[in-house]
**Q** 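Mind looking over this structure? Questions follow.
The figures here come from the full heavy-atom set of this structure, side chains too, leaving out hydrogens, waters and symmetry mates.
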Amino acid sequence: MSRNARINTLLLLAVAALAVLPLVLGLGDHKEEPFTGADGEAEAAITELEPDYEPWFSPLYEPPSGEIESALFSLQAALGAGVLAYYFGLHRGRRQGEERAKAAAEDSDTATPAA
């Protein structure tokens, strides 16, 4: 197994552990909704500290259901991952192309006899 394959495997195992360990260890068992998002946690903390608090503005678009909200969030995450993957792939491809062009130029310089 190559070094890159080992690193990728370790990274995948780390991500899987981050997803599974909180469930296995029961880290959210003491809460009514154990794994709510940061927005829900912030809202609960604000209403606990300041019960009369009113938000400064309302959302531009309020999805009709939680499923649609989750789908839109997933779409946003997928688009962001696609943009990042495209950028890193383009950057890597350009770097590899420059390396190949440099290697080809060096090969052609050594193959040409000097006058």
**Q** Shortest non-hydrogen contact from Pro22 to Ala17?
**A** CD-O, 4.1 Å
**Q** Does anything in residues 6-20 pair up under side-chain hydrogen bond (donor to acceptor under 3.5 Å, both in side chains), and if so which pairs, sequence neighbours excluded?
**A**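 Counting only pairs at least two positions apart or across chains, no side-chain hydrogen bond (donor to acceptor under 3.5 Å, both in side chains) contact touches residues 6-20.
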**Q** Hey, could you give me each pair passing side-chain hydrogen bond (donor to acceptor under 3.5 Å, both in side chains) that has a residue in residues 67-82? Not counting sequence neighbours.
**A**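 Every pair satisfying side-chain hydrogen bond (donor to acceptor under 3.5 Å, both in side chains) with a residue in residues 67-82: Ser65-Glu67.
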**Q** Got a sec, which hydrophobics cluster with Trp56, joining ILVMFWY side chains under 4.5 Å apart, including via others?
**A** Ile46, Tyr53, Phe57
**Q** Please set out all donor-acceptor pairs under 3.5 angstrom arising from side-chain atoms of residues 87-97, sequence neighbours excluded.
**A**
none

**Q** Taking ILVMFWY side chains as joined if any heavy atoms are under 4.5 angstrom apart, and letting links pass through other members, which residues group with Leu10?
**A** none
**Q** With sequence neighbours excluded, tell me which residues meet side-chain contact (heavy atoms from CB on, under 4.5 Å) with Ser2.
**A** Asn4, Ala5
**Q** Which ILVMFWY residues can you reach from Val24 by hopping between side chains whose heavy atoms are under 4.5 Å apart?
**A** Val20
**Q** Applying side-chain contact (heavy atoms from CB on, under 4.5 Å), can you list everything that pairs with Pro64, at least two apart in sequence or on another chain?
**A** Tyr61, Ile68
**Q** Glu98: which residues meet the side chain to side chain donor-acceptor pair (under 3.5 Å) condition with it, sequence neighbours left out?
**A** none
**Q** For Ile7, enumerate each residue passing the side-chain contact (heavy atoms from CB on, under 4.5 Å) test, keeping only those at least two apart in sequence or located in another chain.
**A** Arg3, Leu11
